[in-house]
Amino acid sequence: MVDRHHQQRSKSRWPKALAWLSVLALVVAALLMAGAGPAYRWQWIGLGEAFNLLRNGVYSATAAVALSVLVLLISAITRRGGTAVAAIGVLIATAALLYMPWQQWQRAQQAPVIHDITTDTQNPPAFVALSDEREAAPNGLAYPGAATAEQQHAAYPNVQPLVIEAPAATVLAAVQAEVEASGWEIAEISSDRLEATAVTRWFGFKDDVVIRLTEQGDSTQVDMRSASRLGASDVGTNALRIETFLNALQERLE
């Protein structure tokens with residue numbers, strides 16, 4: 001009787017131990033994935049090391065899923081509901097944790113490998129105030145050229161100039177207000193252009209923006225360019241930024 005009782009207690013410990021291991025793996029995954037961006041942004045580690053943290057976080061999350069599935073199987077055999085509930089909780093939390101990286105991966109698969117987007121591919125607005133920063137960055141100052149333009153037109157047909165029935169001075173005031181509302185750092189404002197830098201929240205990647213105004217009689221055409229300083233692909237970020245900004249600008253001026 002004593003041996004049988006001891007065996008039953010030993011068997012009951014396994015699901016609990018595995019459940020705790022799955023929780024630990026989930027916590028490690030969350031710390032690695034959440035900390036990768038800030039660690040790079042605060043220059044504690046390099047970009048390659050940050051991506052390694054993300055990768056290891058995904059591995060740890062995968063381990064949490066595997067352990068939770070194992071706990072569910074053992075719980076079903078031993079009919080222990082408590083550990084099954086814990087395992088289901090870990091699975092739900094892991095799915096939530098992996099949702100954003102999975103979404104980014106999906107966007108990366110669909111987006112072309114370009115990082116410089118503009119409403120005018122024939123005569124892109126030029127960076128002047130930010131020229132030194134662009135020249136020092138890996139992606140450089142010059143517009144990449146016809147190949148990038150062709151890929152942009154195919155992937156982002158909605159990236160088009162905005163024509164507003166208002167004088168340039170009125171439009172420029174609205175442009176400045178919208179840039180400030182977006183939290184971008186303004187580098188320079190002149191009578192027909194504005195340059196600014198947008199910083200992504202998680203990794204702190206810097207994308208430069210230039211907005212050019214061209215008066216056309218009683219109307220003003222707004223052209224915009226958004227270019228990443230680092231990375232071959234922007235995963236659609238710059239195109240989305242332009243579309244979002246111009247839509248907000250139009251609403252502000254209505």
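Every heavy atom of this structure was used, including side-chain atoms; hydrogens, water molecules and symmetry mates were not. Throughout, residue positions are numbered sequentially from 1 according to the sequence presented.
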Is any side-chain heavy atom of T119 closer than 4.5 Å to a side-chain heavy atom of L246?
-> yes
Sub-4.5 Å side-chain heavy-atom contact between L72 and L91 = yes
Check against side-chain contact (heavy atoms from CB on, under 4.5 Å), T220 and V163 | CA-CA 6 Å; T220 301; V163 178; over 6 Å; no
Okay, side chain of T94, backbone of A61: is any donor-acceptor separation there less than 3.5 Å?
-> no
Considering only heavy atoms from C-beta outward, does the side chain of R229 approach that of L130 to under 4.5 Å?
-> yes
Report yes if the side chains of I211 and F245 come closer than 4.5 Å at any heavy-atom pair, otherwise no.
-> yes
Taking all non-hydrogen atoms of both residues into account, name the closest pair between S226 and D207 and its distance.
-> OG-CB, 4.5 Å
Answer yes or no: is there a side-chain heavy-atom contact under 4.5 Å between R193 and V210?
-> yes
Minimum heavy-atom separation for P112 to Q151, with atom names?
-> CB-OE1, 3.7 Å
Do side-chain atoms of S131 reach the backbone of F127 as a donor and acceptor pair under 3.5 angstrom?
-> no
Okay, side chain of Q216, backbone of Q221: is any donor-acceptor separation there less than 3.5 Å?
-> no
Can you give me every donor-acceptor pair (side chain of residues 132-140, partner residue at least two apart or in another chain, under 3.5 Å) with its distance?
unit_1: R134; atom_1: NE; unit_2: G140; atom_2: O; d: 3.2
unit_1: R134; atom_1: NH1; unit_2: D208; atom_2: OD2; d: 3.1
unit_1: R134; atom_1: NH1; unit_2: A227; atom_2: O; d: 3.0
unit_1: R134; atom_1: NH1; unit_2: S228; atom_2: O; d: 3.4
unit_1: R134; atom_1: NH2; unit_2: G140; atom_2: O; d: 3.2
unit_1: R134; atom_1: NH2; unit_2: S228; atom_2: O; d: 3.2
unit_1: N139; atom_1: ND2; unit_2: S228; atom_2: O; d: 2.8
unit_1: N139; atom_1: ND2; unit_2: G231; atom_2: O; d: 3.1

Check whether more than 12 heavy atoms from other residues, nucleotides or ligands sit under 6.0 Å from atom CD of E180, and answer yes or no.
-> yes
Checking Q152 side chain against I117 main chain: does a donor-acceptor pair fall under 3.5 Å?
-> no
Does a side-chain heavy-atom distance below 4.5 Å link L67 with V90?
-> no
Compute whether any side-chain donor of one residue and acceptor of the other, for E254 and Q250, lie under 3.5 angstrom apart.
-> no
Side-chain touch V179/V175, heavy atoms, less than 4.5 angstrom = yes
hydrophobic_cluster_shared for Y156 and L162, side chain cutoff 4.5 Å | yes
